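Bear in mind the structure is a predicted one, so any value in this text is a computation, not a measurement.
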There are 2 protein chains.
Amino acid sequence: MAVSEVSLVERARATADGATMCPQRGALEHITSRWGTLVLIALLDRSYRFGELRREIGRVSEKMLTQTLQTLERDGIVHRDAKPVIPPHVDYSLTPLGREAAEQVRALATWTAERMTAIEKAREEYDAAKG
Amino acid sequence: MAVSEVSLVERARATADGATMCPQRGALEHITSRWGTLVLIALLDRSYRFGELRREIGRVSEKMLTQTLQTLERDGIVHRDAKPVIPPHVDYSLTPLGREAAEQVRALATWTAERMTAIEKAREEYDAAKG
DNA sequence: CTGCATCCGAAGTGATACTG
DNA sequence: CAGTATCACTTCGGATGCAG
């Protein structure tokens with residue numbers, strides 16, 4: 001097994017002793033966060049303006065979208081291109097790094113979509129047995 | 001583009017009109033949740049008992065681990081094998097479905113670990129520019 | 001050993017109003 | 001249009017105590 005394959009869990013424990021959480025966990029959580037996943041999948045298609053992205057995703061507050069985009073921009077996942085015009089025009093797109101991450105996320109989302117039938121069946125059985 | 005590649009965002013919007021969130025989003029969030037990812041990666045290696053898993057992951061309360069495991073069990077991702085002995089002995093392992101999911105998650109975690117240097121560099125540049 | 005119930009502070013979330 | 005600020009509200013998460 002490659003070193004990196006277990007490093008997540010190992011580092012999580014290693015840095016758990018009162019120290020700050022390992023930066024890896026942070027990055028992973030930004031990418032897999034509730035709105036992060038949707039943003040990445042949307043941007044995989046094309047670049048979006050702020051309001052456009054908000055409409056595309058739906059049911060996301062300005063605050064959360066702003067926060068998500070800033071976090072992902074800071075991690076070098078999303079590129080922010082603010083054109084100095086009135087009214088403001090800001091385009092968001094994926095960096096090369098971000099595109100790699102987004103493809104992984106999309107793979108996971110696609111998998112979930114494909115297996116949804118099995119998952120719902122499992123839920124029904126679980127609820128029937130315990131409920 | 002395959003249908004499933006955009007269905008996540010589309011469904012999120014489709015069900016956004018006061019209805020319950022689409023079940024896909026729920027499943028994806030269970031898998032990518034804070035403790036969900038760590039549980040899946042750990043179980044990819046071998047089966048674990050409750051306390052063992054708790055120690056392996058580190059810094060997770062009983063409550064959260066229980067909650068995470070129950071959610072994943074309900075989705076048919078994790079298998080729970082409770083042996084009727086005193087004291088109780090419960091083994092957790094991945095179902096075939098769960099193994100597929102876990103491999104996707106591990107791929108993402110591995111990617112994050114590999115790109116950590118680039119991500120940290122991006123963060124420093126961002127902070128230097130804005131602070 | 002496993003896991004449930006409860007409490008409570010911390011953090012996340014979102015509607016609204018406001019600025020550049 | 002793109003974001004910031006504030007505030008009320010909800011959920012998260014950990015500690016503790018208890019049961020099977």
Side-chain angles (χ1 to χ4, degrees), chain A residues 12-13 16-18 20-21 25-26 29-39 42-43 47-74 78-93 126 129-131, chain B residues 12-13 16-18 20-21 25-26 29-39 42-43 47-74 78-93 126 129-131:
Chain A
R13 183 168 48 162
D17 306 319
T20 311
M21 193 186 300
R25 280 281 300 283
E29 281 173 22
H30 296 159
I31 292 168
T32 61
S33 70
R34 184 173 186 184
W35 305 117
T37 56
L38 297 177
V39 166
L43 289 181
S47 70
Y48 277 89
R49 295 185 58 181
F50 185 87
E52 214 178 14
L53 196 51
R54 185 152 146 60
R55 264 171 270 122
E56 169 65 20
I57 292 175
R59 275 295 175 95
V60 57
S61 63
E62 290 180 5
K63 180 184 167 183
M64 282 302 104
L65 186 54
T66 298
Q67 197 176 92
T68 301
L69 287 169
Q70 286 177 349
T71 304
L72 292 176
E73 185 195 357
R74 179 166 182 266
V78 160
H79 173 67
R80 180 175 182 275
D81 182 20
K83 297 172 183 174
V85 298
I86 301 293
H89 183 114
V90 183
D91 278 322
Y92 289 95
S93 57
Y126 182 93
K130 296 211 167 182
Chain B
R13 184 168 46 163
D17 307 317
T20 312
M21 192 186 300
R25 280 278 301 281
E29 282 172 23
H30 296 159
I31 292 167
T32 61
S33 70
R34 186 173 184 184
W35 303 117
T37 56
L38 297 178
V39 166
L43 290 182
S47 69
Y48 277 89
R49 294 185 58 182
F50 185 87
E52 214 178 13
L53 196 51
R54 184 153 148 58
R55 265 170 270 125
E56 169 65 20
I57 292 175
R59 275 299 171 95
V60 57
S61 63
E62 289 181 5
K63 179 184 169 182
M64 283 300 105
L65 186 54
T66 299
Q67 197 176 91
T68 301
L69 288 169
Q70 285 176 349
T71 304
L72 292 176
E73 185 195 357
R74 180 168 182 266
V78 160
H79 173 68
R80 179 175 183 275
D81 182 22
K83 297 171 184 174
V85 298
I86 302 292
H89 183 113
V90 184
D91 279 321
Y92 290 94
S93 56
Y126 182 94
K130 297 212 166 181

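Ranked by how close their nearest DNA chain C nucleotide is to the 5' end, Glu62(A) and Trp35(A) are led by Trp35(A). Nearer to the 5' terminus of DNA chain D, by closest-nucleotide assignment, is the contact made by Leu69(A) (compared with the other of Ser61(B) and Leu69(A)).
Looking only at side-chain heavy atoms (C-beta outward), Gln67(B) and Met64(B) come within less than 4.5 Å of each other. Contact of the Leu69(A) side chain with the Phe50(A) side chain is registered, since non-hydrogen atoms from C-beta on lie closer than 4.5 Å. Side-chain atoms of Ile31(A) and Thr37(A), non-hydrogen and from C-beta on, never get closer than 4.5 Å to each other. Under the 4.5 Å side-chain criterion, counting only non-hydrogen atoms from C-beta, His30(A) is in contact with Leu72(A).
Here Gln70(A) lies in heavy-atom contact (under 4.0 Å) with sugar-phosphate atoms only. Backbone-only contact: Pro87(B) has heavy atoms under 4.0 Å from sugar-phosphate atoms and none from a base. The residue Arg54(A) sits apart from the nucleic acid: no heavy atom pair falls under 4.0 Å.
Atom CZ of Arg54(A) and atom CZ of Arg49(A) lie 14.5 Å apart (nearest 0.5 Å). Between the CG atom of Asp91(A) and the CZ atom of Arg80(A) there is a distance of 10.5 Å, given to the nearest 0.5 Å.
In summary, contact between chain B and DNA chain C, defined as any nucleotide atom under 4.0 Å from a heavy atom of the protein, begins and ends at dC1(C) to dC7(C) in the 5' to 3' direction. Chain B approaches DNA chain D within less than 4.0 angstrom (heavy atoms of the protein), and the contacting nucleotides run 5' to 3' from dG13(D) to dG20(D).
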List the steps and the verdict of side chain to side chain contact (heavy atoms under 4.5 Å, CB included) for Asp81(B) and His89(B).
-> CA-CA 8 Å; Asp81(B) 182 22; His89(B) 183 113; over 6 Å; no
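Contacts of Glu52(B) classified as salt bridge (charged side-chain N to carboxylate O under 4.0 Å, His left out), with partners at least two apart in sequence or in another chain: Arg46(B).
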